[in-house]
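Model, not experiment: these values are computed from the prediction. All chains are named by letter (A, B, ...) in the order of the sequence lines, taking the proteins before the strands, and each is independently numbered beginning at 1.
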Amino acid sequence: MYESYNDLKRSLDCVDFGDLVALPTHLLETRPEIARAVAADIGHILVDEYQDVNRASVGLLQQLSPGGRNLWCVGDVRQSIYRFRGASSFNLSRFETQDFKGGSRDQLDVNYRSVGEIVDSYQAFAAGMQIEGATPVALKSNRGTSGNPVEFRSVDGDTEREIDALADGILEMRNAGHAFRDQALLCSGNDRLAKIGAGLEARGIPVLYLGSLFERPEVKDLLAWISLLIDRRAMALAREFATPGLTIPLGDLGRFNEALNNDTARPLDWIKHPPAGLSEPAAAAVAAYSSLLAGFDGNSPPWDTLAQLLLDRSRVAAQIAGAGNMQARAKGIALWQLINFVRAQPAGRSGAIPALLERIRRLVRLSDDRDLRHIPQAAGAIDAMRLMTMHASKGLEFRVVHIPGMAKGTLPRNAAAPACPPPDGMIEGSDLDGESFAEREHMQEQQCLFYVALSRARDRLLVYAPGRTKKSERQPSPFVARLGFGLSRLYVTPSSFNLPPDNPSIAMIYRGQPLFRQSELALYERCARRFFYTHILKLGGRRTTTAYEDMHEIVRQAVRELIATGTIAAEAAGPDEIVERLWSASPLAALPAAPAYRRLAGELVRHFVAMNDGKPIVPAHRLSFTLAGATIEIEIDYAQTDAAGELRELRQVQTGHRRTTAMEGAAVMATLLAVNDQAPGCGAEILFLSDAARERLSLKDGPLDTRRRKLEANIAAILSGQFPTKTSPRSCPKCPAFFMCGTVPGGTFEKNFA
DNA sequence: TTTGGTGACTTTTTT
DNA sequence: AGTCACCAAA
């Protein structure tokens with residue numbers, strides 16, 4: 001693979017980051033005359049952050065500065081936080097002994113950045129670090145003591161309460177004379193940073209961090225609008241828009257869905273032919289969309305379209321410009337980022353809008369939207385908090401530093417076993433086996449990371465951790481206890497910021513006997529809001545599928561057909577023919593990787609056949625039972641019968657792998673509840689074709705009862721209109737509702753069960 | 001004292 | 001998906 005990758009790079013005349021070091025090093029090593037000429041041309045070399053170089057960089061440096069002539073390096077092994085990408089403090093330890101013989105080493109003993117209390121604190125932490133090649137240091141602050149100890153604040157409650165406490169701390173520091181722009185908040189991960197950033201913004205604290213750009217309401221408003229240009233089911237109409245006059249009341253959505261729930265509707269048809277019987281506001285909104293979207297379609301150039309929507313067709317930009325408060329400014333900056341992102345996309349000839357939306361989904365799935373989260377340089381003068389990862393903070397300094405979330409298990413994070421540990425004996429200068437080496441490196445790196453974060457602070461340093469959560473006491477990170485004797489521990493009760501509830505319940509009227517299928521209840525467990533869009537509002541939309549998922553769909557069809565034949569036996573000629581017929585009719589057959597997918601599909605179907613023993617079966621049928629006033633319907637894929645024709649084994653088929661949590665949900669166990677109720681004595685199993693594994697549904701009375709109660713609670717929640725979103729950067733970008741998910745329009749929705 | 005069940009919480013870092 | 005903390009049963 002690496003060879004193919006390299007060939008591809010060469011044929012495209014491209015280089016990657018590794019090549020930027022490897023190619024010049026190779027050139028200078030193989031062409032001494034060039035090396036001499038280049039070295040002669042360079043007077044002095046200064047390398048900063050030497051602990052973060054890798055072996056390849058040292059090789060390049062040796063070529064540029066033979067024998068270390070006029071070379072000056074600065075580094076601190078305690079700040080070695082890029083080991084995961086090949087940097088090694090090993091280079092620092094062998095600097096003057098091997099790599100640049102005859103060099104000399106000196107050490108700083110005065111710290112010019114932080115006040116005495118802070119220096120003492122991270123010195124105390126550093127004293128306990130077991131870092132290879134670290135020489136003991138005794139830094140002294142030249143600023144003297146400030147009278148303000150390093151603080152550790154413990155907060156009872158959930159993350160929201162911790163954000164309350166952070167907001168308190170930030171405002172307190174501001175009252176003590178530190179502007180927002182002089183305060184930084186450091187987290188180890190981006191997801192947490194985004195959550196805290198959004199929380200602070202909601203509490204009125206100005207923040208120079210946008211969080212996930214494509215999750216922001218003002219950005220989603222725009223993306224939802226352009227999604228209407230290509231979505232014949234007009235899913236985005238089920239969103240409450242900030243722009244007045246463009247929201248369809250909840251009570252009217254059913255009419256749109258009836259009108260558009262067919263294969264012949266084309267995008268924007270509903271503007272020319274609105275559904276009959278709309279309320280007045282809904283009809284007015286349709287008219288408003290008519291002028292908002294006139295002349296655009298899926299082939300419109302995205303940048304022009306968005307710019308016109310923002311500036312000419314709506315008052316979005318004007319209102320943001322006029323509002324002048326910090327929230328409006330953040331919105332303006334977010335839209336600015338969006339517009340610039342869109343402008344930088346490759347120009348497509350046709351289908352530019354769907355291409356853009358697809359690209360955004362992919363970007364978010366790969367977390368490749370991170371650079372869009374930071375405010376552009378031009379906005380840097382705004383008086384707002386700096387939010388960044390600890391990694392990004394290296395080399396920077398701030399008057400005040402807040403470090404939230406220092407609970408056990410977050411920092412240090414436990415080392416995950418590396419997927420590909422270095423082979424034993426490969427690491428020069430280490431006698432550990434590959435796995436132990438990786439683990440030790442990880443634990444050292446975690447300490448370095450905390451050390452970096454601590455040492456960013458000039459005047460004030462505040463560390464936060466959750467205390468009691470709903471049920472249990474959370475222990476602080478073991479790092480906290482190493483912060484020295486001067487640490488002041490406070491148990492704070494944060495002020496209340498009176499935020500509106502995140503997921504208010506939705507006004508629903510149900511008519512008839514509620515009926516839910518097992519798959520629907522399973523979806524409710526994964527994301528209640530997705531369930532609402534899909535099964536209550538009946539907004540169309542399949543997930544965006546991959547070729548791999550399409551292959552699984554073929555397997556499902558083949559399994560259904562096999563079951564319909566009434567016998568599933570290895571000697572029957574049927575299975576292969578069925579797969580072959582479905583396969584050749586599918587667009588998958590035209591893909592470059594088709595043979596691999598075809599092989600896999602055949603294998604999964606063979607697993608299915610092999611997991612049956614030719615006993616007579618009866619095809620698919622349904623079981624249903626009543627719970628909490630609703631009917632629950634279970635789809636049994638097939639059943640085996642005994643000689644007397646009695647049902648013996650009920651089977652459900654899943655084509656994928658068995659997950660470790662596959663049996664934990666309440667919805668899976670609805671099958672067992674139904675069997676106990678309708679077919680007592682019958683066994684029930686789920687087949688997982690990818691593993692050729694079967695799982696028997698069985699649970700002791702106690703746990704089964706908690707599943708039953710959980711199901712009852714979910715049904716009650718559905719009936720009372722509770723459909724909270726469960727956002728996740730992993731699953732949301734695949735969801736059909738990704739661009740419109742957000743606040744639901746006001747009004748009441750009538751749901752009719754036959 | 002051990003164990004199994006449960007709910008809450010976090011899912012790296014990036015030139 | 002894995003860890004942590006708690007609780008109740010074994």
Side-chain angles (χ1 to χ4, degrees), chain A residues 15-22 48-49 52-54 56-57 60 79-87 155-163 186-196 212 365-371 373-374 388-395 404-419 438 441-453 465-478 525-526 657-666 669 699-710 713 726-732:
Chain A
V15 293
D16 65 14
F17 281 115
D19 291 330
L20 295 181
V21 175
D48 200 4
E49 311 281 12
D52 289 336
V53 300
N54 55 26
S57 305
L60 180 59
Q79 299 189 41
S80 157
I81 58 174
Y82 286 103
R83 298 166 190 233
F84 66 90
R85 65 176 201 220
V155 200
D156 289 349
D158 57 7
T159 308
E160 289 300 311
R161 294 304 277 161
E162 199 186 352
I163 300 176
L186 309 179
C187 286
S188 53
N190 276 297
D191 288 348
R192 211 184 148 70
L193 204 55
K195 188 171 172 68
I196 294 176
S212 180
R365 261 166 79 185
L366 299 174
S367 305
D368 235 353
D369 61 329
R370 274 195 292 250
D371 47 336
R373 299 175 176 203
H374 291 279
M388 63 192 80
T389 60
M390 293 176 180
H391 283 86
S393 76
K394 194 153 76 98
M406 285 301 292
K408 186 174 179 180
T410 48
L411 193 73
R413 154 167 306 289
N414 296 329
E441 282 291 290
H442 171 81
M443 290 321 285
Q444 292 189 359
E445 185 172 324
Q446 294 284 291
Q447 298 183 61
C448 291
L449 195 55
F450 191 51
Y451 181 83
V452 166
R468 267 205 88 74
T469 55
K470 271 203 186 95
K471 268 180 74 171
S472 57
E473 183 78 27
R474 292 203 70 188
Q475 296 301 312
S477 158
E525 282 178 359
R526 287 207 300 282
H657 288 283
R658 182 199 182 283
R659 318 243 163 219
T660 43
T661 54
M663 294 296 145
E664 280 173 22
M669 285 302 159
L699 218 49
K700 287 187 215 143
D701 289 349
L704 185 58
D705 206 50
T706 52
R707 302 301 196 288
R708 184 201 308 272
R709 281 200 303 275
K710 179 88 204 191
K726 197 188 267 177
T727 50
S728 141
R730 277 153 270 283
S731 50
C732 288

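- Evaluation of the side chain to side chain contact (heavy atoms under 4.5 Å, CB included) rule for R708(A) yields L627(A), L673(A), D705(A), E712(A) as partners, not counting sequence neighbours.
- Applying the side chain to side chain contact (heavy atoms under 4.5 Å, CB included) rule to Q475(A) yields the partners K408(A), E473(A); only residues at least two apart in sequence or on another chain are considered.
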For this session: Indicate for each nucleotide in nucleotides 5-15 of chain B, in 5' to 3' sequence, whether protein heavy atoms under 4.0 Å reach the base (B), only the sugar-phosphate (S), or nothing (-).
Result: -S--SSSSBBB
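- Annotation: ring pair (Phe, Tyr, Trp, His ring centres under 6.0 Å) contacts of H391(A) (sequence neighbours excluded): Y82(A), F84(A).
- Residues satisfying the side-chain hydrogen bond (donor to acceptor under 3.5 Å, both in side chains) test with S731(A), not counting sequence neighbours, are S728(A).
- Residues passing the ring pair (Phe, Tyr, Trp, His ring centres under 6.0 Å) test with H657(A): none are found, sequence neighbours excluded.
- The nucleotide range of DNA chain C contacted by chain A, defined by atoms under 4.0 angstrom from heavy atoms of the protein and reported 5' to 3', is dA1(C) to dC6(C).
- Looking at residues two or more places apart in sequence or on another chain, you find a side chain to side chain contact (heavy atoms under 4.5 Å, CB included) between S367(A) and R370(A).
- Qualifying side chain to side chain contact (heavy atoms under 4.5 Å, CB included) partners for L699(A), counting only residues two or more places apart in sequence or in other chains: M669(A), L672(A), P703(A), L704(A), R707(A).
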